[in-house]
Every structure is written in structure tokens, then in C-alpha cells.
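Worksheet for the structure shown next.
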Amino acid sequence: MLLRMSSLFLRTLREDPADAEVPSHKLLVRAGYVRRAAAGIYSWLPLGKIALENVTRAVREEMDAIGAQEVLFPALLPREPYELTGRWTEYGDLLLRLKDRRGGDYLLGPTHEEMFTLMVKGEYSSYKDFPVILYQIQTKYRDEARPRSGILRGREFVMKDSYSFDLDDAGLQKSYDLHREAYIKIFDRLGFDYRIVSATSGAMGGSHSEEFLAPAPTGEDTFVSCAQCQYAANVEAVQTRLPQVEAAGEHPPVEVLDTPDTPTIEALVEFLGQPASAMLKNLLVKVTEGGVTSVVVVGVPADRDVDMDKLEAVLAPATVEIFEAEDFAARPDLVRGYVGPHALPGDVSYLADPRVAQGTAWVTGAGQVDKHARNVVAGRDFTVDRYVDVATMLPGDPCPRCGGPLSLQRGIEIGHIFQLGRKYTDAFQLDALGPDGKPGRVTMGSYGIGVSRIVAALAEQAHDDKGLIWPREVAPADVHIVATGKDNQIQVALDLAQRIEARGVRVLCDDRAGVSPGVKFTDAELIGVPTILIVGKGLAQGVVELRDRGSGQREDLPLEEAVDRVTGLVGRPS
RNA sequence: CGGGGAGUGGCGCAGCUUGGUAAGCGCGCCUGCUUUGGGAGCAGGAGGCCGCGGGUUCAAAUCCCGCCUCCCCGACCA
């Protein structure tokens with residue numbers, strides 16, 4: 001279908017929208033791909049819809065290629081199945097709940113494990129039926145506390161979710177591997193720069209899990225990668241190598257220092273002129289287990305923070321809360337900003353990062369206002385009740401696999417695959433009768449791709465100061481023909497557009513009359529079609545100009561050659 | 001949910017402190033003429049319950065109260 005700018009439903013903007021912060025958001029709005037409908041909710045205009053369809057098609061084709069079968073569930077779901085698996089409450093406020101006129105509870109689906117499991121249970125019951133992989137491409141909802149970054153993190157978004165059902169772990173591994181291969185094909189096709197990293201399975205439960213991350217400064221995930229080996233992991237999933245325990249060294253005795261007005265590490269660093277890495281940061285938390293709450297102090301080198309997710313994972317099923325001002329008020333023996341492990345009340349236990357090894361000496365709080373202590377030695381002056389791996393990562397930390405230095409990078413999560421196991425099949429008692437007539441519990445895998453997020457993630461990775469630069473697979477057209485000048489040039493351009501299109505090449509033609517060349521060039525660069533063909537002043541000599549949007553390379557060529565050249569570039573001969 | 005900021009034609013903004021021809025600018029849109037390889041020029045136009053509700057006042061975009069919405073940072077989180 002030939003897209004003509006003269007009638008295309010499109011208005012480009014010269015200025016960034018006031019509510020946009022990240023490049024993809026600014027550019028997708030300015031180039032007329034999307035419009036905001038509400039916070040975190042977007043409408044797709046024709047160009048955006050085409051790009052979204054292009055992503056959808058690539059995903060669908062590769063899913064079909066591994067034998068997955070497409071289904072479609074409602075987005076509006078009943079409460080009961082989610083009640084049964086506990087997610088009605090576990091998912092918390094992130095679950096978008098509604099009531100109908102009778103007061104019945106419903107939700108707008110965030111993911112559909114429950115529905116897929118129930119559907120398979122309803123249809124299949126024999127080992128002969130398995131394995132099976134089902135998927136859907138559908139609108140999902142999450143009641144994000146704070147939607148941000150435009151399309152990257154909305155409250156409504158399009159997602160492909162698929163689920164594999166297998167009789168045993170070997171089968172699950174096979175389904176997982178199939179998805180992994182399919183995802184590689186999909187993201188290669190879409191022209192992504194991406195990494196596959198080890199991940200935690202998050203709130204879903206389950207074991208083996210990997211994320212596909214598109215490196216971008218605006219990404220919300222941080223991952224580490226090792227230059228020496230192939231190790232790469234989300235920081236949440238990194239297992240720190242335990243450092244060698246130092247033999248108790250010859251440290252001077254503890255010395256108490258006057259450090260007026262230094263309740264923060266920053267102030268202390270300033271005051272003492274020593275690096276934060278020499279100091280011990282002690283974070284107070286309330287740990288509740290079995291209805292009993294106790295105070296726990298967690299020590300980490302002060303150039304790091306405590307990762308609360310990791311801490312909660314370590315202490316689970318106990319719940320962890322940060323110590324608030326009123327908690328300090330209730331415990332005058334714990335001095336905010338001046339806590340030290342050697343000066344703790346007896347009822348407080350001390351957890352520490354492995355780097356706080358036996359024999360290491362630290363600057364830390366002295367347990368009194370405006371006083372710190374130095375030469376506080378682990379094992380000599382205080383004991384660590386338990387070592388826990390809960391400190392945040394820093395660049396240069398050793399790779400857990402080979403010991404090489406790790407680097408940290410931000411990335412956008414565009415896909416996640418993991419082996420769910422039997423959490424949901426247990427909840428719904430999904431069994432398959434074996435050849436012996438006895439039931440066996442089915443095991444599941446769960447695999448997601450953020451379809452609408454991909455459009456934004458590509459925009460984050462591929463743009464310049466002029467606008468978008470789409471990979472061909474996603475671009476709303478293969479070639480953007482710009483007719484500058486007078487009406488006869490528009491006629492020539494339209495004629496050319498039709499001949500190119502007859503070769504199976506998708507064409508966007510700027511046939512607007514009375515629009516100056518500068519405006520058309522600017523729009524073409526903003527819209528980001530990978531190939532730009534200019535029918536303009538060279539026409540008098542029978543020449544048109546071919547430009548590559550990405551590299552900016554320009555080339556004049558005879559009008560008669562244009563059809564073949566463009567067709568060749570696109571690599572999609574009819 | 002905590003902290004900060006903002007709601008004025010389709011978009012981006014000024015005006016508010018010091019109530020009273022301040023409803024104003026840029027982009028976009030419409031008409032005519034000129035222009036056509038880098039965001040055109042001239043002339044003439046259309047378009048705004050100034051977020052909503054209440055209050056103060058002779059008079060409110062402007063002052064006061066309440067509410068709603070949106071953005072940023074944090075918390076949270078596929």
C-alpha cells in the first residue's frame with residue numbers, strides 16, 4: 001500500500017512535548033507515531049501502528065516457527081483463578097482491579113499464567129497431548145505507581161506471552177531452548193543490539209531464567225558483563241564471589257574520633273578525607289518473622305548500598321522494613337548516623353557483606369552522636385552473626401565465573417524467558433495421565449516479549465539529533481520518496497513510487513504540494529525511514545538522489561536505475 | 001505513597017508577585033499572491049469555559065480554600 005504524505009493522517013511537531021523526557025518518547029510523539037491518552041497510556045497513529053505491526057509480525061512468525069500456537073484470552077479477567085494462585089493479593093497494587101455493576105471483582109490481566117493453565121487443563125489430559133506451546137499477543141495492564149519514560153513503561157502495553165507445558169524437566173528444558181532460539185531470531189531480525197543475561201525470576205516464582213536486555217542509557221535494569229568470559233547477569237542475579245578471609249592483621253586498637261555533624265557517609269568522607277570504601281556503613285532494618293519483629297543491622301563497605309531485594313530474598317520468608325525516624329525515637333540506644341558494629345545493644349544481631357571479612361579494619365560509627373571510631377576490626381572488635389551477599393555491585397567487581405573485572409551497564413528488558421516449574425500446575429492440579437494410567441504433574445515455562453516496548457527500545461537505540469533511524473524490519477516503509485519542487489516532480493515521484501512498490505517494496509511518498517524542500521527533508525529525517533530517495537532539482541538532468549538515513553551517505557543516480565537500486569537495497573525482490 | 005514542579009487556542013510558552021483594554025508570542029491551521037534543495041515571505045483570517053468547583057471583590061487567568069490531572073526525583077516494579 002502506497003503511503004502518501006498528502007493524505008496520511010500525520011502531523012509532525014517541531015518541538016519536544018513538555019511531558020517527555022527520554023529520546024524515544026520525544027521522537028515517537030514528534031514524528032507522529034503515538035499520542036498520549038492518559039498517564040502511561042498511548043494511542044498509536046498510522047505510522048506507529050505500522051511499526052507496531054511489523055514487530056508483531058516478526059514475533060508471530062518466529063513463534064509459529066517453533067510450533068507455538070496462537071490463542072487469545074480476554075484482557076478483562078475474573079478474580080477467582082488469580083485468587084487461587086494467590087496473585088490477587090501477591091501482585092499488590094500493581095494489579096489493575098475493577099468492579100462490575102454487581103460489585104463483582106475483575107482485573108485487567110498483567111500476565112495470563114492462570115488462564116493458560118486452566119485452558120490446557122480443560123482440553124488436555126493425556127501424555128499423548130504433550131508437549132504443547134501456546135502464546136498470545138495481547139494488551140496487558142499494570143497499575144504502575146508511576147508510569148514513566150513514555151512507551152517504555154506504560155500502564156497499558158502490548159506483550160507476547162507464551163507458555164510451554166511439558167511432562168518432565170527434560171521437556172521443559174527443550175521448550176525453553178526452543179524459545180531462546182526463537183528470541184535470538186526475533187531480536188536479530190528486529191535489528192536490536194541486545195544481551196542475554198542471567199536473571200532472577202522475580203515475583204513469578206520458578207528457577208532458571210534469562211533476560212534479553214537492549215543496552216541503553218535510559219534502561220531501568222542494570223546488568224554486569226565480564227570482558228574475559230561470556231558471563232552476563234542482571235545485578236539482581238549476580239552471586240558475589242566470597243573474598244578470601246584475611247588473617248587477623250596487626251591493627252592498632254580502636255580509636256574514637258570527634259567527627260562533628262557527620263551523620264552521613266558523604267559528610268564523613270568530607271570530614272576525614274578518607275574514601276568511603278574504608279568505611280563501614282551500617283543499615284538498620286526491622287525483620288519480622290512469625291509475628292516477631294527484631295532489629296537487625298546490615299554492614300556493607302560504605303561505597304556500596306544494601307540491595308533491599310537481595311536482602312529480602314536472603315531473609316525470606318521474613319519481611320524486611322527500613323528503620324524509620326520513629327523507630328530511632330523508640331530506641332535511643334541506636335544513634336542514627338553513628339551506628340557501629342562494636343557498639344551495638346545485645347539484642348541486635350549483625351549481618352555483613354563478605355567483604356567485611358575477619359581481620360579487616362574499618363572506620364565506622366562509635367555509637368554516640370558526632371563520634372566515629374577507626375581501626376574497628378572484624379572478629380576482634382565485633383563479630384558478624386551471619387555473612388550475607390546483599391551489597392550493590394560496583395564496576396570492577398570480580399566476575400563470579402572467572403574473576404575478571406565486571407562492567408556495569410543499563411539495559412531495557414525486551415524479553416524474559418524462564419522455567420516456571422509447577423507453581424501454577426500445582427495450583428490448578430494440571431496432570432497428564434501417563435502410559436501407565438497414573439497422573440503426572442505437568443511442568444511449565446513462561447516467556448514474554450514486550451512488543452510495544454520494543455518499538456520504543458529500538459527508538460532509544462537508533463536515533464540522532466534529527467530523528468528516528470529505524471531498522472528496516474520495523475520501519476513504516478522501506479523507502480521515503482521526497483518530491484521537492486513543483487507539481488511535475490510530484491508526478492514523477494508518484495510514478496516512481498508505484499513502480500518501486502510493484503516490486504514489493506513499501507513506499508512512503510512525500511507528495512505534498514506547496515511544502516518547501518527544507519520541511520520535507522526535516523520530516524523525512526524525523527520519521528526515520530532507512531532509505532530516502534529525492535526527486536528534485538536533479539530531475540532536469542534525469543537524476544535522482546539516494547540517501548541512507550543512518551549513515552547520511554548520498555548518491556546521485558539516473559532516474560531509470562532508481563527502481564532497481566532501491567529494490568536491491570531492500571533485498572525484497574518480488 | 002514521600003518530596004519538588006506545572007495546568008493559559010492543536011503543540012511549545014509568556015502574563016499571575018503589584019486584581020482593572022494582557023487574551024499575548026512562536027509553531028501549526030485557513031485564504032490570496034510570491035517562493036521551491038534545508039525548518040519560506042507578505043497580507044488577511046479562524047481558533048481559548050485561562051484544569052474543575054467554591055469564595056473574596058465594584059471587578060479574578062491573577063488573591064484565598066477545596067478537588068482533579070500531568071511531569072520530575074525517590075520508594076515500588078517485568
Side-chain angles (χ1 to χ4, degrees), chain A residues 10-22 25-26 29-30 32 35-41 90-95 110-111 113 140-150 152-155 157 159-161 197 199-204 206 209-213 219-221 234 236-237 305 308-309 312 321-322 324-325 411-418 446-454 457 466-467 482-490 510 512-526 532 534-540 543-545 547 552 554 556:
Chain A
L10 169 73
R11 189 110 298 154
T12 56
L13 306 177
R14 292 288 99 101
E15 287 162 300
D16 288 332
D19 58 359
E21 203 67 20
V22 299
H25 190 191
K26 289 178 181 173
V29 170
R30 280 188 49 202
R35 291 288 182 260
R36 192 182 70 83
I41 305 177
E90 267 175 34
Y91 229 83
D93 292 334
L94 207 56
L95 197 63
T111 57
E113 280 81 356
K140 309 286 192 190
Y141 297 86
R142 294 210 180 138
D143 196 357
E144 295 283 354
R146 181 155 93 80
R148 69 186 96 179
S149 306
L152 277 177
R153 187 176 194 80
R155 292 193 291 171
F157 53 95
M159 181 171 168
K160 185 283 306 179
D161 53 330
V197 309
T200 55
S201 35
M204 302 294 194
S209 164
E210 286 171 295
E211 284 174 334
F212 290 70
L213 296 182
E220 290 187 308
D221 287 272
N234 193 304
E236 295 168 5
D305 287 314
M308 289 301 285
D309 288 336
E312 289 195 18
E321 285 173 286
I322 200 94
E324 304 284 1
I412 300 164
E413 183 181 2
I414 51 177
H416 194 164
I417 53 178
F418 64 99
S446 167
Y447 320 89
I449 288 182
V451 173
S452 49
R453 177 182 277 183
I454 279 174
K466 295 189 171 77
V482 174
T484 64
K486 305 232 165 35
D487 286 356
N488 66 321
Q489 288 168 331
I490 290 177
D510 195 343
R512 292 175 294 179
V515 175
S516 71
V519 172
K520 291 189 175 185
F521 293 144
T522 304
D523 278 343
E525 283 151 352
L526 181 58
I532 299 171
I534 298 156
V535 179
K537 68 177 181 188
L539 204 56
V543 169
V544 294
E545 183 184 322
R547 284 193 203 170
R554 310 172 172 205
D556 285 333

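Just so it is clear: chains get the letters A, B, ... in the order the sequence lines come, proteins before strands, and each one is counted from 1.
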At a cut-off of 3.5 Å, list every protein nitrogen or oxygen paired with a nitrogen or oxygen from nucleotides 1-7 of chain B, distance to 0.1 Å.
none

Got a list of protein N/O to nucleotides 8-10 of chain B N/O distances below 3.5 Å?
none

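In this structure, R512(A) reaches neither bases nor backbone, as no heavy-atom distance under 4.0 Å exists between it and the strands shown. As judged by a 4.0 angstrom heavy-atom cut-off over every strand, E21(A) is placed among residues touching the sugar-phosphate backbone only. Counting any heavy atom pair closer than 4.0 Å across all strands shown, D221(A) reaches no nucleic acid atom. Residue-level contact check: V482(A) touches neither bases nor backbone, having no heavy atom under 4.0 Å from any strand. Among the protein residues, E236(A) comes within range of no part of the nucleic acid, since none of its heavy atoms lies under 4.0 Å from any strand. Residue contacts shown for R36(A) are limited to sugar-phosphate atoms, with no base heavy atom under 4.0 Å away.
G3(B) sits 30 Å from C11(B) when the C1' atoms are compared, rounded to a whole Å.
Not one side-chain nitrogen or oxygen of S516(A) sits closer than 4.0 Å to the OP1 or OP2 atom of U36(B).
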**Study point:** Summary of protein contacts for nucleotides 23-30 of chain B, nucleotide by nucleotide, where a base hit scores B, a sugar-phosphate-only hit scores S (4.0 Å, heavy atoms)
**Key:** ---BSSS-
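Closest approach of P110(A) and L95(A) over heavy atoms only: CG-CD1, 3.5 Å. Heavy atoms only, all atoms of each residue included: R30(A) and P17(A) are closest at CG-CD, 4.0 Å. Across all non-hydrogen atoms, the minimal contact from V482(A) to A524(A) is CG2-CB, 4.1 Å.
Under the rule for a salt bridge (Lys or Arg N to Asp or Glu O under 4.0 Å), E211(A) has no partner lying at least two apart in sequence or in another chain. E21(A) meets the salt bridge (Lys or Arg N to Asp or Glu O under 4.0 Å) test with no other residue; sequence neighbours excluded.
With a cut-off of 3.5 Å on both pairing distances, the Watson-Crick and G-U wobble pairs of RNA chain B assemble into stems of 3 or more at B:1-7 with B:68-74, B:10-13 with B:24-27, B:29-34 with B:40-45, B:51-55 with B:63-67.
A donor-acceptor contact closer than 3.5 angstrom is absent between the side chains of D161(A) and T111(A).
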**Study point:** Trace of the side-chain contact (heavy atoms from CB on, under 4.5 Å) decision for R35(A) with V29(A)
**Key:** CA-CA 6 Å; R35(A) 291 288 182 260; V29(A) 170; 3.7 Å; yes
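Side-chain to base pairing of E525(A) with G38(B): one donor and one acceptor N or O lie within less than 3.5 Å of each other.
Whole-Å rounding puts the E144(A) CD to C72(B) P distance at 13 Å.
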